[in-house]
Q: 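What follows is a structure written as structure tokens; I'll ask about it next.
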Amino acid sequence: MADPKGFLNHGREVAKTRPVGERVQDWNEVYVPGSLLPIISKQASRCMDCGIPFCHNGCPLGNLIPEWNDYAYREDWSAASERLHATNNFPEFTGRLCPAPCESACVLGINQPAVTIKNVEVSIIDKAWETGDVAPQAPERLSGKTVAVIGSGPAGLAAAQQLTRAGHTVAVYERADRIGGLLRYGIPEFKMEKRHINRRIEQMRAEGTKFRTGVEVGRDIDAAKLRKRYDAVVIAAGATTARDLPVPGRELKGVYQAMEYLPLANKVQEGDYVTTPVSAEGKHVVVIGGGDTGADCVGTAHRQGAASVTQLEIMPRPGEERSPGQPWPTFPMLYKVTSAHEEGGERVYSVSTTHFEGDEDGNVQWLHLVEVAFVDGKLTQKPGTERRIPAQLVTLAMGFTGTDRENGLVDQFGVDLDERGNIARDGDFHTSVPGVFVAGDAGRGQSLIVWAIAEGRSAARGVDRFLTGASDLPAPIRPTDRSLTV
């Protein structure tokens, strides 16, 4: 145990953010560089090294949180990094992007603010990169087996790295022009600078993983050819089919899916554009959807100089305390103020969009909405609450419904789907087609980054068993496992 009285002597302190007026002028990460290390040892000391550490169950990766908290408290960064990487291929991603279900399950959180597990995690990995403790782990010998991984998001990258280290020759196919999937083009730079992805890619290249960008399986290469070329295939293409809003005026110019809007801003940061083709500058922006993707649109619009930003959510505003129906250690639905929300804008709950109104040139100008409520379990409009708000740029951030079916990937492989439209798999993440596996959102449905990495690691074990008859690779979750929610 780090410090038996740590949780009594120290309160919770989190990473400091840069002033709003400063950070909305650039695209750098919102946190003050280096602000965590001076406080992180005390924060790690608050971990109680519980007899039953529920944080392990909150995290699908099974992270050894009390162990690396202890090492961080003692400032043994090398040992902390080793324990962190024992269960997580990319802690710099999760330490920045994960909503931290481990903290919701922290035993200290029963009656005190939980341990800052996420901040400790990112401090360890940032220190590890700084001191050179993150090095390529090339296999000692090659198996002679080949694997194709379709998709380079967190699930695909985790599966590829595990299989490469097991000695297989792995090629990752990505339809975009750069590796990273939604990490690259869905996550704004101010949440995670892309240098973190780049150095992991270089580590994986040094280990032997091959990358093929600009290749869309189903269009640029036929699934049958891929199966013939490789001994096994892992589909990690994500759930990229966005939920649409079929209301009058949807066809107006200025109404975009979030994943049409966000990647363009990232491409500016990559140097592909001088200015984004779709900008919020000087416009009244409306973001439909109250989740993380919606918040990403809010923060992006602020940095582009929007005249106003309004975020709409059809559900009621969550409470700021756990409700009796969401007891510890489940992941509670709480009112969350992200860094993007700190920067301004209005959040409107319990409303539904009825239609869009445009000008004579077909550009969206107004959004019409109505207040809604749940009556006998059904969503009902409140008469007399209709109104309109200015909207010259609208982004739809309402989640995703499944894997892309238009490019032919699913149909060409001929894999079975489950009742929710995801690619079905058995206990080894094996699809109905021999030698074809699935990991991440393509099989689970839209989920969190920690679940994606856990699925990639587990699917890698299934592939390794299929290719060699046995495997020493870890499998943190089963395909049927779900998060600690109610």
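Fair warning: this is a prediction, and the values are worked out from it, not measured in the lab. In what follows, residues are counted from 1 in the order of the sequence shown.
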Q: Between N363 and G254 (side chain of the first, backbone of the second, donor and acceptor by atom type, cut-off under 3.5 Å), is there such a pair?
A: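 No, because the side chain of N363 does not come within donor-acceptor range (under 3.5 Å) of the backbone of G254.
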Q: Can you give me every donor-acceptor pair (side chain of residues 433-444, partner residue at least two apart or in another chain, under 3.5 Å) with its distance?
A:
unit_1: D441; atom_1: OD1; unit_2: S447; atom_2: N; d: 3.4
unit_1: R444; atom_1: NE; unit_2: E455; atom_2: OE2; d: 2.6
unit_1: R444; atom_1: NH1; unit_2: D481; atom_2: O; d: 2.8
unit_1: R444; atom_1: NH2; unit_2: E455; atom_2: OE2; d: 3.1
unit_1: R444; atom_1: NH2; unit_2: D481; atom_2: O; d: 3.0

Q: Calculate, to the nearest 0.5 Å, the distance between atoms OG1 and CZ belonging to T241 and R405 respectively.
A: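 So the gap between those two atoms works out to 9.0 Å.
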Q: Hey, does the side chain of S81 reach the backbone of W77 with a donor-acceptor pair shorter than 3.5 angstrom?
A: no
Q: Taking atom CD as the centre, does E140 end up with more than 12 heavy-atom neighbours from other residues, nucleotides or ligands that are less than 6.0 angstrom away?
A: no
Q: With a sphere of 6.0 Å drawn around CZ of R482, does it hold more than 12 non-hydrogen atoms of other residues, nucleotides or ligands?
A: yes
Q: So if I apply the salt bridge (Lys or Arg N to Asp or Glu O under 4.0 Å) rule between E29 and each of R23, R96, K191, which one comes out positive?
A: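 It is R96; the other options fail the test.
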Q: Indicate yes or no for a side-chain donor-acceptor contact from T94 to the backbone of V450 under 3.5 Å, with no hydrogens or angles considered.
A: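 Checked: no pair found.
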Q: Establish, from distance only, whether the side-chain atoms of Q203 and Q161 form a donor-acceptor pair under 3.5 Å.
A: yes
Q: So how far is it from K118 NZ to L97 CG, rounded to the nearest 0.5 Å?
A: 7.0 Å
Q: Keeping E189 on the side-chain end and W27 on the backbone end, is there a donor-acceptor pair under 3.5 Å?
A: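 Not at all, since once roles are kept as given, no pair shorter than 3.5 Å links the two residues.
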Q: Calculate, to the nearest 0.5 Å, the distance between atoms OG1 and CD belonging to T395 and Q257 respectively.
A: 9.0 Å
Q: Measure the spacing between CG of L264 and OH of Y185 and express it to the nearest 0.5 Å.
A: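 Going from the CG atom of L264 to the OH atom of Y185 covers 10.0 Å.
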Q: Above 12 or not: heavy atoms from other molecules or residues under 6.0 Å from CE of M259?
A: yes
Q: Please name all residues satisfying side chain to side chain donor-acceptor pair (under 3.5 Å) with T164, sequence neighbours left out, ordered by chain then number.
A: T209
Q: Do F90 and I449 come within less than 4.5 Å of each other through their side chains, counting heavy atoms only?
A: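 Side chain of F90 against side chain of I449, heavy atoms only: no contact under 4.5 Å found.
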Q: Hey, does the side chain of R200 reach the backbone of H196 with a donor-acceptor pair shorter than 3.5 angstrom?
A: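 Looks like no, no N/O pair under 3.5 Å.
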Q: With a cut-off of 6.0 Å (strictly less than), are more than 12 heavy atoms of other residues, nucleotides or ligands near CZ of F413?
A: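 Yes - once you tally the heavy atoms of other residues, nucleotides and ligands closer than 6.0 Å, there are more than 12.
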Q: Tell me whether the count of non-hydrogen atoms from other residues, nucleotides or ligands lying under 6.0 Å of OH in Y71 goes above 12.
A: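 No, the 6.0 Å shell around OH holds no more than 12 heavy atoms from other groups.
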Q: Before accepting this row, confirm whether a basic side-chain N of the pair R205/E202 lies closer than 4.0 Å to the acidic partner's carboxylate O.
A: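 So R205 pairs with E202 through a salt bridge.
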Q: Can you check whether V107 reaches I52 side chain to side chain, under 4.5 Å on heavy atoms?
A: no
Q: Identify whether the distance between the nearest side-chain nitrogen and carboxylate oxygen of R199 and E92 falls below 4.0 Å.
A: no
Q: Determine, for D220 against R175, whether the closest basic-nitrogen to carboxylate-oxygen distance falls under 4.0 angstrom.
A: no
Q: Counting heavy atoms not belonging to K210, are there more than 12 under 6.0 Å from its NZ?
A: no
Q: Checking side chain to side chain contact (heavy atoms under 4.5 Å, CB included) against V170, which of V149, T146, V234, V463 comes through?
A: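 Single pass found, and it is V149.
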Q: Whether the side chain of E193 engages the backbone of R195 through a donor-acceptor N/O pair (distance < 3.5 Å, no angle test) should be reported.
A: no
Q: E260 versus V278: any side-chain heavy-atom pair under 4.5 Å?
A: no
Q: Within the distance-only criterion (no hydrogens, no angle test), does the side chain of R184 pair as donor or acceptor with the backbone N or O of I179 below 3.5 angstrom?
A: yes
Q: Can you tell me how far CG of N57 sits from OG of S483, rounded to the nearest 0.5 angstrom?
A: 12.0 Å
Q: Measure from the side-chain N and O atoms of Q446 to the backbone N and O of A239, and report whether any donor-acceptor pair falls under 3.5 Å.
A: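 No.
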Q: side-chain contact (heavy atoms from CB on, under 4.5 Å), that's the test. Do N422 and T403 meet it? Break it down for me.
A: CA-CA 7 Å; N422 301 317; T403 300; 5.7 Å; no
Q: From D76 CG over to R83 CZ, what is the distance, rounded to the nearest 0.5 angstrom?
A: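 Between atom CG of D76 and atom CZ of R83 there are 12.0 Å.
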Q: With distance as the sole test, does D244 use its side chain to make a donor-acceptor pair with the main-chain N or O of P246 at under 3.5 Å?
A: no
Q: Does atom CD of E270 have more than 12 heavy-atom neighbours, drawn from other residues, nucleotides or ligands, at distances under 6.0 Å?
A: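 For E270, atom CD is crowded (more than 12 foreign heavy atoms under 6.0 Å).
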Q: Test your reading of the model: is there a side-chain donor-acceptor pair from T330 to the backbone of P332, 3.5 Å cut-off?
A: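 No; zero donor-acceptor contacts below 3.5 Å.
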Q: Would you please name every residue forming a side chain to side chain donor-acceptor pair (under 3.5 Å) with R165, sequence neighbours left out?
A: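 Only E207 meet the side chain to side chain donor-acceptor pair (under 3.5 Å) criterion with R165.
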Q: Would one find more than 12 heavy atoms of other residues, nucleotides or ligands at under 6.0 Å from atom CZ of R465?
A: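 Counting neighbours around CZ of R465, 12 or fewer heavy atoms of other residues, nucleotides or ligands fall under 6.0 Å, so no.
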